[in-house]
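So you know, we letter chains A, B, ... as the sequences are listed, proteins then strands, and number each from 1.
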Protein chains: 2
Amino acid sequence: MTENAKNKQNLKELVETKDFVEHLSIDCVIFGFHKDKLKVLLLKYHDLDLWCVPGGFIFNDENLNDAAARTLYERTHLSNVYLEQFYTFGDVRRTENNVHQKLLENKNIAVEENHWIHQRYISVGYFALVDYTLTYTFPDSFNEVCRWFDISELPELAFDHKEMIEKGLLHLRKNIDYQVMGSNLLPDKFTMKELQHLYEAILGEPLRRNNFQRKILSLNILERLEKHFTGSANKAPYLYRFLDNSEIKNLDFDK
Amino acid sequence: MTENAKNKQNLKELVETKDFVEHLSIDCVIFGFHKDKLKVLLLKYHDLDLWCVPGGFIFNDENLNDAAARTLYERTHLSNVYLEQFYTFGDVRRTENNVHQKLLENKNIAVEENHWIHQRYISVGYFALVDYTLTYTFPDSFNEVCRWFDISELPELAFDHKEMIEKGLLHLRKNIDYQVMGSNLLPDKFTMKELQHLYEAILGEPLRRNNFQRKILSLNILERLEKHFTGSANKAPYLYRFLDNSEIKNLDFDK
DNA sequence: CCAAAAGTGTTAGGGATACACCCATGG
DNA sequence: CCATGGGTGTATCCCTAACACTTTTGG
């Protein structure tokens, strides 16, 4: 079976499945961090010059949150990832530019006119925080291109996915939690400078080096490890690691 | 037509309507404030000893947020109300205790077995902030009892509505905004003490009288009006009013 | 020894907290 | 004139911002 034929088969199975909750979908804004830049992971539709946030549908007998995790896994092979619901998008016209329809036409897959894929649907938006260095493997069952984009250099996006990314980022900024964000977006070991650059990328503003260090250390959520020698002619920075919740010592309880 | 027959008619029309988005609903946690207590507005199902948060369905050609406002109006005759989405509830088992089914049985309305009302559905949760003193008029088209409940004395609730109320309250606490909450939950004019009691009810903890006053006044979002004489033998408190956004003078820009 | 970057110290200011005091009101 | 509750003043603490200084590293 050729690649194209396989894709067609997968797509056909998808729209003919009766087990999905109709008129409802899930979309997942995946944030990563690399070289001082905040990134989102996007997929490109086959044969179309449009990108989108990874999404999927909900089985009739599946919890919404489970469907989000499954969708994320199927589209990116990521599991055990920080995942949080942030907003449900329900404007009537949000799916007007119906990419799915074009896709089906391209592949000559016939779908009845009143099939729900042609109608409006409402999408529950999730965001995920993933370690950029771990996300090198992606499936190609839909033969979409999968790529990280800098948050400030997004390509043309399908539906209302641009708004989704913006709203997801705002949510991230507003509900900023040092431990959750740092421990999910950075590799296991990191320098203070890397951690600082992460927060600067998310907040979109510079922070003072020494004050940032003091503040984050006072939270007692980091463990200082060995020094990291880069070979450059300056003092070597320490590496740090986020403590597990069980390791965290709150000074208030230390007597 | 008797009351009961009318109710039956309404219910019948509801389930036979083809224009709703299937498997999806809206629920609205309505917060009010009265006599130093935070309240929620609940409806009682006819013939059942179960209460619920006002809810409704979404028309196929209707924006999600518009549907929430319409639902709120239909159930409570409230309009121009502060309304905000906070979470979408999608566990498979959340509607297992199917109140709708019992209701239909009670009224002897036959619905086909595979009608969506019998299946799982996902509900988008909104919360509303309303002035308790304005909410004296309610429709009775479903002949439900409509009543305010103290947040700490909730009756038995249908589905996962207890969880909804809790989650809505948490959202309110976390994203507390003095202006939005105060100006929607209090009448137009109020004393500083009333405002303080409102925040104490929401936060669930006592605040210091004088510090609270200083803090809220420093925000420059209040206008001091005439004194309010209660007849008691003590200094009369001022009345205050929230400024419109256009009236607010930010000290940073005053030169 | 020097430049570059990391780590630590030190001071000033703003906001929150806790306490105290004065003022208006009606009996 | 007194009890009561409302309004304002003030000292303290703590967190943060801003700046300065010391330490480490490889050339």
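Among the atoms of the strands shown, none is found under 4.0 Å from any heavy atom of Thr191(A).
Between Arg224(B) and Asn234(A), the residue whose closest nucleotide on DNA chain D is further toward the 5' end is Arg224(B). Nearer the 5' end of DNA chain C, as judged by each residue's closest nucleotide, is the contact made by Asn211(A), out of Asn211(A) and Lys227(B).
Counting to the nearest Å, the P atom of dA18(D) and the CZ atom of Phe212(A) are 16 Å from each other. In this structure, the NZ atom of Lys235(A) is 19 Å from the C1' atom of dG27(D), given to the nearest Å. Rounded to a whole Å, the NE2 atom of His228(B) is 12 Å from the P atom of dG7(D). Protein atom CD of Gln196(B) is 11 Å distant from nucleotide atom P of dG7(D), rounded to whole Å. Rounded to whole angstrom, the span from the CZ atom of Arg208(B) across to the C1' atom of dG5(D) amounts to 18 Å. One atom, CD of Glu205(A), and another, C1' of dT16(D), lie 14 Å apart when rounded to the nearest Å. Rounded to whole angstrom, the span from the CZ atom of Phe229(A) across to the P atom of dG26(D) amounts to 6 Å.
The span of DNA chain C lying next to chain A, judged by atoms under 4.0 Å from heavy atoms, is bounded 5' to 3' by dA3(C) to dT10(C).
By the 30° and 60° cut-offs, the orientation of the rings of His77(A) relative to Tyr73(A) is parallel. Between Phe86(B) and His171(B), the ring planes lie tilted relative to each other; the angle falls in the 30° to 60° range.
Tested against Ser123(A), the residues Asp27(A), Asp160(A), Thr95(A) include a single side-chain hydrogen bond (donor to acceptor under 3.5 Å, both in side chains) partner, Asp27(A).
Under 3.5 Å, the side chain of Arg209(B) and the base of dG5(D) form no donor-acceptor pair of N or O atoms. Between the side chain of Arg214(B) and the base of dT10(D), at least one donor-acceptor pair of N or O atoms lies under 3.5 Å.
Taking the ring centre of Phe212(A) as origin, the terminal cationic atom of Arg209(A) falls outside the region bounded by 6.0 Å and 45° from the ring axis.
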* To do: Begin with the C-alpha distance, continue with both residues' side-chain angles, and end with the deciding distance and a verdict on side chain to side chain contact (heavy atoms under 4.5 Å, CB included) for Ile122(B) and Ile122(A).
  => CA-CA 11 Å; Ile122(B) 286 163; Ile122(A) 286 162; over 6 Å; no
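Side-chain atoms of His197(B) and Glu200(B) form a donor-acceptor pair, as typed in the model, at a separation below 3.5 Å.
Between Gln213(B) and dG6(D) there is no side-chain N or O to OP1 or OP2 distance below 4.0 Å.
Here the two rings, on Phe31(B) and Phe33(B), have centers that are 6.0 Å apart or farther.
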